[in-house]
Amino acid sequence: MLALMLIRTATAGDWPAIWAFLRRIVAAGETYTYPRDLDEDRAREIWMVEPPSRTAVATDPDGTVLGSAKMNPNHMGPGAHIAGASFMVAPEHGGRGVGRALGEHVLDWARAEGYKAMQFNAVVESNTRAVALWRSLGFEVIGTVPKAFAHPTNGYVGLHIMHRFL
């Protein structure tokens with residue numbers, strides 16, 4: 001666990017550091033439903049959201065970007081009171097509490113913004129570290145779409161829909 005970590009709103013200047021790990025994670029094809037050949041412009045458009053949504057980065061004391069989260073309404077209109085979020089931690093910084101810190105930060109943000117709950121629409125069931133983390137933060141699997149994700153080594157696996165009230 002990192003002794004000191006800052007979580008702040010991402011800036012355009014953070015994008016190169018985010019892209020460096022985002023492209024590797026997406027290309028691996030193990031945890032996100034994004035196309036494995038996602039190009040940088042489209043990735044920036046997806047990840048660097050505009051208000052009222054928010055993109056954050058976790059940095060260590062020297063400013064190194066360790067991970068990032070984006071948070072947003074999960075749906076529009078009558079469903080806009082449910083938040084959604086996505087998370088990526090640079091693989092070389094995994095296991096140090098970055099994901100947990102970002103998860104707690106996003107939950108705090110959603111509460112402060114007046115959301116009533118948070119829902120993750122597509123948590124790959126074979127991503128056991130993420131599933132365990134979200135469960136430890138109070139999320140429940142409310143359903144699984146069977147064989148909805150083509151994992152490069154595990155074949156077709158389910159996508160969990162995870163939810164928690166705020």
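Hydrogens, waters and symmetry mates are skipped; everything else that's a heavy atom, side chains included, is used. Nothing fancy with the numbering, it's 1 onward along the sequence.
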Exercise. Determine the minimum heavy-atom distance between Val131 and Val124, stating which atoms define it.
Key: CG2-O, 4.0 Å

Practice problem: Test Tyr156 against Phe149 for ring-ring contact (aromatic ring centres under 6.0 Å, His included), laying out the working first. | Solution: CA-CA 5 Å; Tyr156 290 102; Phe149 185 85; 9.3 Å; no

Self-check item: Heavy-atom pair with the smallest gap, counting every atom of Phe87 and Trp47
Solution: N-CH2, 3.8 Å

Self-check item: Residues that Glu50 engages under salt bridge (charged side-chain N to carboxylate O under 4.0 Å, His left out), provided they are two or more places apart
Solution: none

Practice problem: Verify side chain to side chain contact (heavy atoms under 4.5 Å, CB included) between Val89 and Arg129, making sure each step is shown before the conclusion. | Solution: CA-CA 12 Å; Val89 175; Arg129 285 180 64 185; over 6 Å; no

Quiz prompt | Stepwise side chain to side chain contact (heavy atoms under 4.5 Å, CB included) check, His81 with His75 | solution = CA-CA 8 Å; His81 61 285; His75 297 287; over 6 Å; no

Quiz item: For the atom pair CZ (Phe120) and CG (Asn74), what is the distance rounded to the nearest 0.5 Å?
Solution: 9.5 Å

Quiz item: Going by heavy atoms in the side chains, are Thr144 and Ile161 under 4.5 Å from each other?
Solution: no

Self-check item: Side-chain touch Glu104/Leu137, heavy atoms, less than 4.5 angstrom
Solution: yes

Quiz item: Where do Thr33 and Leu159 land on the side chain to side chain contact (heavy atoms under 4.5 Å, CB included) test, with the steps shown first?
Solution: CA-CA 10 Å; Thr33 59; Leu159 285 175; 4.1 Å; yes

Exercise. Indicate the atoms forming the closest heavy-atom contact of Leu38 with Ala43, along with that distance.
Key: CD2-CB, 3.6 Å

Quiz item: Any side-chain heavy-atom pair from Trp15 and Glu40 closer than 4.5 angstrom?
Solution: yes

Exercise. Answer whether the closest heavy-atom distance between the side chains of Leu107 and Arg164 falls below 4.5 Å.
Key: yes

Quiz item: So, do Phe21 and Val65 sit near enough that their side-chain heavy atoms are less than 4.5 Å apart?
Solution: yes

Quiz item: If you look at every heavy atom in Ala83 and Tyr115, which pair is closest and at what distance?
Solution: N-CD2, 3.4 Å

Self-check item: Point-to-point distance, once rounded to the nearest 0.5 Å, from CG of Asn72 to OG of Ser86
Solution: 6.5 Å

Quiz prompt | Working for salt bridge (Lys or Arg N to Asp or Glu O under 4.0 Å), residues Asp14 and Arg8 | solution = CA-CA 11 Å; Asp14 294 317; Arg8 60 170 172 75; 2.7 Å; yes

Exercise. Could you go through the salt bridge (Lys or Arg N to Asp or Glu O under 4.0 Å) check for Asp41 and Arg44 one step at a time?
Key: CA-CA 5 Å; Asp41 289 340; Arg44 185 184 307 109; 3.4 Å; yes

Exercise. For Trp134 and Gly103, work out which heavy atoms get closest and say how close.
Key: CZ3-CA, 4.0 Å

Exercise. Scan Val98, Val26, Thr31 and name whichever one has a side chain to side chain contact (heavy atoms under 4.5 Å, CB included) with Met88.
Key: Val26

Practice problem: List the steps, then state whether side chain to side chain contact (heavy atoms under 4.5 Å, CB included) holds for Glu30 with Ser126. | Solution: CA-CA 8 Å; Glu30 298 174 345; Ser126 60; over 6 Å; no

Quiz item: Of all heavy-atom pairs between Met71 and Val49, which one has the smallest distance, and what is that distance?
Solution: O-CG2, 4.2 Å

Quiz prompt | Gap between atom CG of Asn121 and atom NE2 of His163 - 0.5 Å precision | solution = 11.0 Å

Practice problem: Any chance you could lay out the salt bridge (Lys or Arg N to Asp or Glu O under 4.0 Å) test for Glu125 and Lys147, step after step, and finish with the verdict? | Solution: CA-CA 10 Å; Glu125 73 179 342; Lys147 298 186 178 190; over 6 Å; no

Quiz item: So, the side chain of Thr59 versus the backbone of Thr64: is there a donor-acceptor pair under 3.5 Å, distance only?
Solution: no

Quiz item: Any link between Tyr32 and Val157 through a network of hydrophobic side chains (Ile, Leu, Val, Met, Phe, Trp, Tyr) touching at under 4.5 Å?
Solution: no

Quiz item: Any link between Met5 and Trp109 through a network of hydrophobic side chains (Ile, Leu, Val, Met, Phe, Trp, Tyr) touching at under 4.5 Å?
Solution: yes

Quiz item: If two hydrophobic side chains count as joined below 4.5 Å and joins carry through other members, does Ile82 share a cluster with Met118?
Solution: no

Self-check item: Donor-acceptor under 3.5 Å (His160 side chain, Met162 main chain)
Solution: no

Self-check item: Ser53 vs Lys70 side-chain heavy atoms within contact, under 4.5 Å
Solution: no

Quiz item: CZ/Phe165 to CD/Glu140 distance, rounded to the nearest 0.5 angstrom?
Solution: 9.0 Å

